[in-house]
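For reference, the structure discussed in these notes is given below.
Letters A, B, ... are given to chains in the order of the sequence lines, protein chains preceding strands, and every chain is numbered from 1.
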Protein chains: 4
Amino acid sequence: MPAAKSPDPARRSERSRRAILAAARELVSEVGYAKVSIEAIAARAGVGKQTIYRWWPSRGAVIFDSFLALSEGAEGMALPDTGDLAADLKLVMRATAAEFADPAFEAPIRALNAEIINDPELARQYHEKLAAPVDEAKRERLRSAQRAGQLPPDIDLDLFLEFLYGPFYQRWLTRGGPLTPEYADSLVDLTLRAFRA
Amino acid sequence: MPAAKSPDPARRSERSRRAILAAARELVSEVGYAKVSIEAIAARAGVGKQTIYRWWPSRGAVIFDSFLALSEGAEGMALPDTGDLAADLKLVMRATAAEFADPAFEAPIRALNAEIINDPELARQYHEKLAAPVDEAKRERLRSAQRAGQLPPDIDLDLFLEFLYGPFYQRWLTRGGPLTPEYADSLVDLTLRAFRA
Amino acid sequence: MPAAKSPDPARRSERSRRAILAAARELVSEVGYAKVSIEAIAARAGVGKQTIYRWWPSRGAVIFDSFLALSEGAEGMALPDTGDLAADLKLVMRATAAEFADPAFEAPIRALNAEIINDPELARQYHEKLAAPVDEAKRERLRSAQRAGQLPPDIDLDLFLEFLYGPFYQRWLTRGGPLTPEYADSLVDLTLRAFRA
Amino acid sequence: MPAAKSPDPARRSERSRRAILAAARELVSEVGYAKVSIEAIAARAGVGKQTIYRWWPSRGAVIFDSFLALSEGAEGMALPDTGDLAADLKLVMRATAAEFADPAFEAPIRALNAEIINDPELARQYHEKLAAPVDEAKRERLRSAQRAGQLPPDIDLDLFLEFLYGPFYQRWLTRGGPLTPEYADSLVDLTLRAFRA
DNA sequence: ATATAACCGAGACGGTACGTCCAGTCTTTGA
DNA sequence: TCAAAGACTGGACGTACCGTCTCGGTTATAT
């Protein structure tokens, strides 16, 4: 009893799908997110525009999918677990800070975030496909810390992560200040203090 | 010996400036931020397109200015100060949460944030013109708490605010969850615990 | 030893053929000749596009066939023969003029003529399938007049018909003037005078 | 008190107008009328598509105008006048027949006629701009014949011309037969007989 | 009686062109 | 002497169809 409103995915050309996502990825890195047009993607992919419009609802969705395709297979990720929660988290946060300071990495991520802000469906997909696996890995590290007695067993792990990343995210997005290693350390220390028994 | 490259502001028509900003504001609320075009603003304001291009560098800048014009005069704001910091902050956070849940308010703010993300100059103006006065009011309340011995005297007030608002901001922007009053309270409690001596 | 390049007509689905021609006819009268697309015909007929492309070489051919199907069975037509050639021809010409003034009739015939102009094959078919039987009926009336001594026995009947209908056709196609009953009469009188002994 | 709905022609770019008409003419002769697209004209002319849409209502109108531009200045034409009407007309008709048999000339004229058939406005312009001057020259020759006593003074000259050209036009458009010199002569002889006293 | 070939509905595909919108620049004109 | 009005080139939009191409699912002979 399928709704069957959208076209039959069985007939979809895998070759075209791949070409489109590859073209989208290339174009984003070549001319920047804002200047990538459906027309350019279609031309680069050797595909009719209709083939894009048939399977994606918007430019944002295509490009988002091209990001997704990149991170596929990154499933079984895990955070370092040396037994020292604070040290491990600082390592991760410092790495993240470094990553976000790299201009080549920064531009598309900013664009992606701008898109997500205005498009609830994209936001949903972002959480489901991109954020969920990463968040689960983080929660797993926190659970390990709980088992080790380094964190109270009854805290809300998602809230913990929001405290850890929220300030970071805000500062980065609004360019409210530099993402220094010391800043990364502060976030970890303060968050731990907030949640420690 | 000024560089004097940009047009002489003295010659600027105040009537046109006002009409443009008013038109921009109206159009944003009528058709949504993303669909407002320079052309439409010019037509609505009864102004030549050139007059817009002469004074603003981008569509984002015009619309941002039209937001600014709204909040002018909101200078001398102050947060409630009953002597109970936690209660006062919770009041403010709950009000903010309610405000951000109002769709009429939400849409343009989301659009503004999306624009800020990708445009450093806009971000700079945002901090300087919009965020600064509000942040100063918040800091003033915290200083009052420090004087009352409710907060250690040596903490970084900006970091405190980042902890208070960062999680909130992230959750709202990415639609990571509902902004309930309880959530608002949690943010206050946890932030206070992180910074309390 | 037939060439047998084209598909075997024996396997052709009569049901589809009829549905296509019916759909074409309906669409022409609904949206006008120029706006009828193969895709629309196929959809309306509940038929795959390929089925149309298999049996007809062009859009014009399909629609032309749908016209043909209408006039099938109009074989044994005959012109009135009261013995008075001029009167009979005037009757016919006036009727034709009235017919061509009817907008419902006019539009598709104009479109058909436009198509014929640019497509020699369609022109051939037009003469063979549509014009021939009608012309033969007209010639028969003229032969009857020859037998009655109202027309010289050696005149070129086709040329006679060209004189009778040529001015009419030109005036109608190029909208060079109104097709009044008096005009119809003039054509008959002048043509008769040109060919009378 | 002008209606002033359409754009002010005073602001029209003469350079663009010329480039568009030239491009249209070139493309018609290069790829044939049917395959000339607005897009191609714009590209060839180095002009935005909007500039074409601003000043012409349809593709047909542009191309028609490009024909018009060709025949501008062909105002003061005159038919031969040796004193022998029949001979002069035969000369003209034979020349016309030869002209219409030339494929290079034929194709665009066919296309033009097809367009005129379906577009009343184009038909109106055709009569006013293209046919009128030529017809006037023909009528002038006939009036000369009337003064010379070779034609009755009270005949309808337009009707005369319809008889002369109608059969010709019909035969050519529908490919009803060859346009031989003998055929041309017959048209002249029969028309003269029809209208002679 | 069954394979096997063609036809069939369906519709995805690479493309071309449509007619519209808007960006950002350039030109004319009226106050 | 401005600035409004708006025409200009150019690029992209999202849509409509083109004609070709599979895809399974019937027929309908031709073994």
Spacing between [X] atom [atom1] and [N] atom [atom2], to the nearest angstrom:
| X | N | atom1 | atom2 | answer |
| --- | --- | --- | --- | --- |
| B:W56 | E:dA23 | CH2 | P | 15 Å |
| C:I41 | F:dG19 | CD1 | P | 11 Å |
| A:R17 | E:dA12 | CZ | C1' | 16 Å |
| D:L27 | E:dT16 | CG | C1' | 15 Å |
| A:R15 | E:dA12 | CZ | C1' | 14 Å |
| C:I52 | F:dT20 | CD1 | C1' | 15 Å |

What donor-acceptor contacts under 3.5 angstrom involve side-chain atoms of residues 17-24 of chain C, with partners at least two apart or in another chain?
| residue | atom | partner | partner atom | Å |
| --- | --- | --- | --- | --- |
| C:R17 | NH1 | C:E14 | OE1 | 3.3 |
| C:R17 | NH1 | C:E14 | OE2 | 2.5 |
| C:R18 | NH2 | C:E14 | OE2 | 3.3 |

Indicate every side-chain donor-acceptor pair of residues 61-69 of chain D with a distance under 3.5 Å to a residue at least two apart or in another chain.
| residue | atom | partner | partner atom | Å |
| --- | --- | --- | --- | --- |
| D:D65 | OD2 | D:W56 | NE1 | 3.0 |
| D:S66 | OG | D:I63 | O | 2.6 |

All N/O contacts under 3.5 Å from nucleotides 28-30 of chain E to the protein, with atom names and distances to one decimal?
| residue | atom | partner | partner atom | Å |
| --- | --- | --- | --- | --- |
| E:dT28 | O2 | D:R11 | NH1 | 3.0 |

Checklist entry - Choosing from F:dA3, F:dT9, E:dC13, which nucleotide comes nearest the side chain of D:S16? => result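 Nearest nucleotide to the side chain: F:dT9.
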Next on the checklist: Within this structure, what is the CD1-CD1 distance for the pair C:I109 and C:I116, rounded to the nearest 0.5 Å?
Outcome noted: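 Going from CD1 on C:I109 over to CD1 on C:I116, the span is 9.0 Å.
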Checklist entry - Would you say a side-chain N or O of C:W55 is under 4.0 Å from OP1 or OP2 of E:dC8? => result yes
Next on the checklist: Any base atoms under 4.0 Å from D:T51, or only sugar-phosphate, or nothing? Heavy atoms, all strands.
Outcome noted: base
List in chain and number order the residues that pass side chain to side chain contact (heavy atoms under 4.5 Å, CB included) with [X], two or more places apart in sequence or in another chain; answer none if no residue qualifies.
| X | result |
| --- | --- |
| C:E115 | C:Y33, C:R59, C:L122 |
| A:R15 | A:S13 |
| B:S37 | B:E39, B:A40 |
| B:Y53 | B:I38, B:K49, B:Q50 |

Next on the checklist: Both C:E14 and A:A45 contact DNA chain E. Which one's nearest nucleotide lies toward the 5' end?
Outcome noted: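 Nearer the 5' end of the strand: C:E14.
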Checklist entry - For D:R175, which residues count as a salt bridge (charged side-chain N to carboxylate O under 4.0 Å, His left out) partner, sequence neighbours excluded? => result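 Applying salt bridge (charged side-chain N to carboxylate O under 4.0 Å, His left out) to D:R175 gives none.
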Next on the checklist: Please compare D:R54 and B:G48 by the position of their nearest nucleotide in DNA chain F and report the one closer to 5'.
Outcome noted: B:G48
Checklist outcome for this item: Minimal heavy-atom distance between A:D119 and A:E121, with the atoms involved, is OD1-N, 3.0 Å
Checklist entry - What string of B, S and - do you get for nucleotides 13-18 of chain F, 5' to 3', when a contact is any protein heavy atom under 4.0 Å? => result BBBBBB
